[in-house]
Protein chains: 2
Amino acid sequence: MTNRPKTRQAMNLNALDLNALRVFERVAASGSFTAAARHFHRAVSSVSRQIRGLEEALGQPLLYRHTRAVALTEAGWRYYEEIREILERLDLATEALAYPDAEPSGVLRINAPVAFGQRQIVPLLHTFQRRHGGITAELQLSDQVIDPVREGQDITFRVGDLADSSLVARRLAPMNYVVAAAPSYLEVHGAPRTPESLSDHNCLLYQGEMGRQRWYFQTPDQSGSTPHEVSGNLYSNDAESLLRAALLGQGLVLFPTWLIGDALSQGELVPLLEAWRGEVMPGRRDIHVLTTERRLRTRKVRAFLDYLQESLAPQPAWDQWRERIGGLSNDHR
Amino acid sequence: MTNRPKTRQAMNLNALDLNALRVFERVAASGSFTAAARHFHRAVSSVSRQIRGLEEALGQPLLYRHTRAVALTEAGWRYYEEIREILERLDLATEALAYPDAEPSGVLRINAPVAFGQRQIVPLLHTFQRRHGGITAELQLSDQVIDPVREGQDITFRVGDLADSSLVARRLAPMNYVVAAAPSYLEVHGAPRTPESLSDHNCLLYQGEMGRQRWYFQTPDQSGSTPHEVSGNLYSNDAESLLRAALLGQGLVLFPTWLIGDALSQGELVPLLEAWRGEVMPGRRDIHVLTTERRLRTRKVRAFLDYLQESLAPQPAWDQWRERIGGLSNDHR
DNA sequence: CATCGAGTTGCGCCTCATGCAATAAAGATT
DNA sequence: AATCTTTATTGCATGAGGCGCAACTCGATG
């Protein structure tokens, strides 16, 4: 619907297009046409034209085009601040139209660390989506810490470290670690009886961007954790690889139960040093989900968070490996 | 830009169309597809489809269709309240993008009483639009009192009576009345010397929906106005007709100077009873403009109001008829 | 009961949004 | 410094979708 007859004009309110505004919000948040194109499953050329059309309608540029990135102009920044809130309000108003028991629907964008996502979120999400057929999920797994706003994510899982941020954090579940080794390893090397004896063992360590992890141990009557220098013949930034090596009898691992609970319950790994509490990040013993105030108000995000709380209370399935030792793994449902 | 792949869903945020939202706002405010179609210069079928598409995107009806009118559903009303504010904020944010000295632009919708509009607003608007080429004006003249919000008007002129309302009212100019007659009438019947002697004269009276107007007179030392029963042989709801009859020498009229200032200055009408102050609505002696808080923030409305204040200060041209007696009419510029 | 006005729908036409491919520009890499 | 790679732009062809006209429906009005 174009405005006609056209008069000479600096801007044309009727030339505004809601899709162009949404595209602009995503470009501004991500700093990239390419990222916005991926977000909306569109060609970059389409994004380019939407932005160009918006700038023409407004009568001035919103973005500086650099190679490999774009940046907001002063006016673009001011407009982005407004548009972001306007779109939020519009979507809330639109969603509020639904009757109170309306089905959550739309695209749920989830970010999580790779291993946690594969093992825990996929089955949880599977059950959630069977309940709510209107939900489409986009599961982005990455071991890099991302900025959910910039990446346009609805929910981000954080295992362990929880950086200070303006995001809304919800504690989801405790994160317990277990030292474990395969029976085949123990048959040859025997089981360590104290944390000190770990120095006689082959400890397979995670070595990521933050360097090589240390193992800490604490007895219940201790107020703090004691670090132990351990070493081994395999260090990797890929937890999955370390786990595979451990299952082959190569050495000991200290991993969270959401990663190795199944192996423990199936006897593929044997828990060790159970009188102590082991961890790799002292004091960080919880799994959180991060979202934004805005997204917390959407039906789909609230429904998924509620479902997660309900599924993981009072104790997540991955912490119930003791009860399942010897039996078939009880799939999540 | 459609959302794909589509999942089963109650609503689709990406299916929202800004034009459809604007159409919906106008339909809701006016209660009519036809009125909204006129507002946007579109066929009614186009409006019908926009609304239908919006309802499908939202998954529920927004309007009850009755013959000859539509009404908002409960959900439609709630949505309308939200959408109205969202659109207002979006338009303000968009207009705020302009540099401080940006030209006002867009469509200015003005409502005024017929005679006042023809005589006073057309030339005022003409000069304003020569200054601001980006302005398109829609001048709706009506002697019925309209609801500016419902009619989607930016500025409404009110001469005389100012009903209580939530609209923003700005006093624009004083409204002075003059009793006058053509020289040809006075040659035959002589001039009345007091208001009491009007009963001996043929007084042409406005007779509208509120009934036949009375004439009130007041001397400067009086605190109130005194009504006078006058009568004549022509009553009409059309001021222009009464004026034409007076110019033909048929009788006396009591009219505001914005209506007869030119005739007075050209000697076609002669002012009478000048020691008195005459009026037809006691106490209502001002011309106001009405707008809404929202529209007051728009550049085009502010610019027009500022221009009106500047043009009519310290005294509007229509009150300067004495200075122009005997000379050519000085057109507004 | 005929007429009128408001809204709906079928149909054809035209505009515009889209993706592909070629291109430009500049930062990253060797 | 040359080359490669990535991001964004633009020409072009195609198809989707918005539009107005006309016929129709329905209920209020006189």
Side-chain angles (χ1 to χ4, degrees), chain A residues 1-6 12-57 60-73 76 150-152, chain B residues 1-6 12-57 60-73 76 150-152:
Chain A
M1 179 164 71
T2 58
N3 186 36
R4 61 177 186 269
K6 290 193 186 307
N12 181 356
L13 293 180
N14 282 334
L16 286 182
D17 176 38
L18 191 54
N19 286 330
L21 293 175
R22 290 192 191 282
V23 164
F24 170 64
E25 187 273 336
R26 192 80 321 251
V27 167
S30 66
S32 161
F33 282 21
T34 307
R38 275 202 306 270
H39 184 92
F40 291 110
H41 309 288
R42 289 288 172 276
V44 178
S45 53
S46 178
V47 169
S48 178
R49 287 200 178 90
Q50 293 267 26
I51 297 297
R52 170 81 165 283
L54 183 57
E55 287 174 321
E56 284 174 1
Q60 62 175 294
L62 299 171
L63 294 157
Y64 297 115
R65 273 77 159 165
H66 306 304
T67 59
R68 294 179 177 274
V70 295
L72 286 163
T73 61
R150 180 185 169 89
E151 300 294 323
Chain B
M1 179 165 75
T2 58
N3 184 39
R4 62 177 184 270
K6 289 193 186 307
N12 181 357
L13 293 179
N14 284 333
L16 286 182
D17 176 39
L18 192 53
N19 286 330
L21 293 175
R22 290 191 191 281
V23 164
F24 169 65
E25 187 273 336
R26 191 76 329 247
V27 167
S30 64
S32 163
F33 282 23
T34 306
R38 278 202 303 271
H39 185 88
F40 292 108
H41 308 289
R42 288 290 172 275
V44 178
S45 52
S46 179
V47 169
S48 178
R49 289 203 174 90
Q50 293 265 30
I51 297 298
R52 173 82 164 282
L54 183 56
E55 286 173 323
E56 284 175 359
Q60 63 176 295
L62 299 171
L63 294 156
Y64 298 114
R65 273 75 159 173
H66 308 304
T67 58
R68 295 177 178 274
V70 295
L72 288 163
T73 62
R150 181 183 167 91
E151 299 294 324

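Just so it is clear, the values below take in all heavy atoms, side chains as well, and ignore hydrogens, waters and symmetry mates. Chain letters run A, B, ... following the sequence lines, proteins first, then strands; residues in each count from 1. Note that the structure is a prediction, hence the values are computed from the model and not measured.
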Could you tell me how far apart [X] ([atom1]) and [N] ([atom2]) are, to the nearest whole angstrom?
{"X": "A:Leu63", "N": "D:dT9", "atom1": "CG", "atom2": "P", "value": "9 Å"}
{"X": "A:Gln50", "N": "C:dG19", "atom1": "CD", "atom2": "P", "value": "10 Å"}
{"X": "B:Arg52", "N": "D:dC19", "atom1": "CZ", "atom2": "C1'", "value": "16 Å"}
{"X": "A:Tyr64", "N": "C:dA25", "atom1": "OH", "atom2": "C1'", "value": "19 Å"}
{"X": "A:Asn19", "N": "D:dA16", "atom1": "CG", "atom2": "C1'", "value": "14 Å"}
{"X": "A:Ile51", "N": "D:dT7", "atom1": "CD1", "atom2": "C1'", "value": "14 Å"}
{"X": "A:His66", "N": "D:dT9", "atom1": "NE2", "atom2": "P", "value": "12 Å"}
{"X": "A:Glu56", "N": "D:dT10", "atom1": "CD", "atom2": "C1'", "value": "13 Å"}

Measuring only between side-chain heavy atoms, which start at C-beta, is [X] closer than 4.5 Å to [Y]?
{"X": "A:Arg42", "Y": "A:Asn19", "result": "no"}
{"X": "B:Leu16", "Y": "A:Arg22", "result": "yes"}
{"X": "B:Thr73", "Y": "B:Leu63", "result": "no"}
{"X": "A:Phe40", "Y": "A:Val23", "result": "yes"}
{"X": "B:Phe24", "Y": "B:Asp17", "result": "no"}

* To do: For A:Leu21 and A:Glu25, run side-chain contact (heavy atoms from CB on, under 4.5 Å): C-alpha distance rounded to whole Å, both residues' side-chain angles, the deciding distance at 0.1 Å, then the answer.
  => CA-CA 6 Å; A:Leu21 293 175; A:Glu25 187 273 336; over 6 Å; no

* Quiz item: B:Ser45 side-chain donor-acceptor pair to D:dC21 base, under 3.5 Å -> yes

Side chain of [X] (C-beta onward), nearest among [options]:
{"X": "A:Phe33", "options": "C:dG7, D:dA8, D:dG20", "answer": "D:dA8"}
{"X": "B:Arg65", "options": "C:dT18, D:dA8, C:dG7", "answer": "C:dG7"}
{"X": "A:Arg42", "options": "D:dT7, C:dT8, C:dG19", "answer": "C:dG19"}
{"X": "A:Arg49", "options": "C:dC20, D:dG20, C:dG7", "answer": "C:dC20"}

* Which residue lies toward the 5' end of DNA chain C, B:Ala35 or A:Val44, if each is placed at its nearest nucleotide? ->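 Nearer the 5' end of the strand: B:Ala35.
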
* Structure fact -> For B:Arg26 and B:Ser30 the tightest heavy-atom approach is O-OG, 2.8 Å

* Base, sugar-phosphate, or nothing: which does A:Val70 touch, judged by heavy atoms less than 4.0 Å apart? ->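 Sugar-phosphate: the residue A:Val70, judged by heavy atoms under 4.0 Å, touches backbone atoms but no base.
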
* Starting from the first five and the last five pairs of the helix from C:dC1-D:dG30 to C:dT30-D:dA1, work out the angle between the resulting helix axes, to 10 degrees. =>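 Its terminal axes enclose an angle near 30°.
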
* B:Ser32 vs C:dA6: side-chain N/O to OP1/OP2 distance below 4.0 Å ->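 Checking C:dA6 against B:Ser32, no side-chain N or O comes under 4.0 Å of OP1 or OP2.
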
* **A:Ser48 vs D:dT10: side-chain N/O to OP1/OP2 distance below 4.0 Å** =>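 No.
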
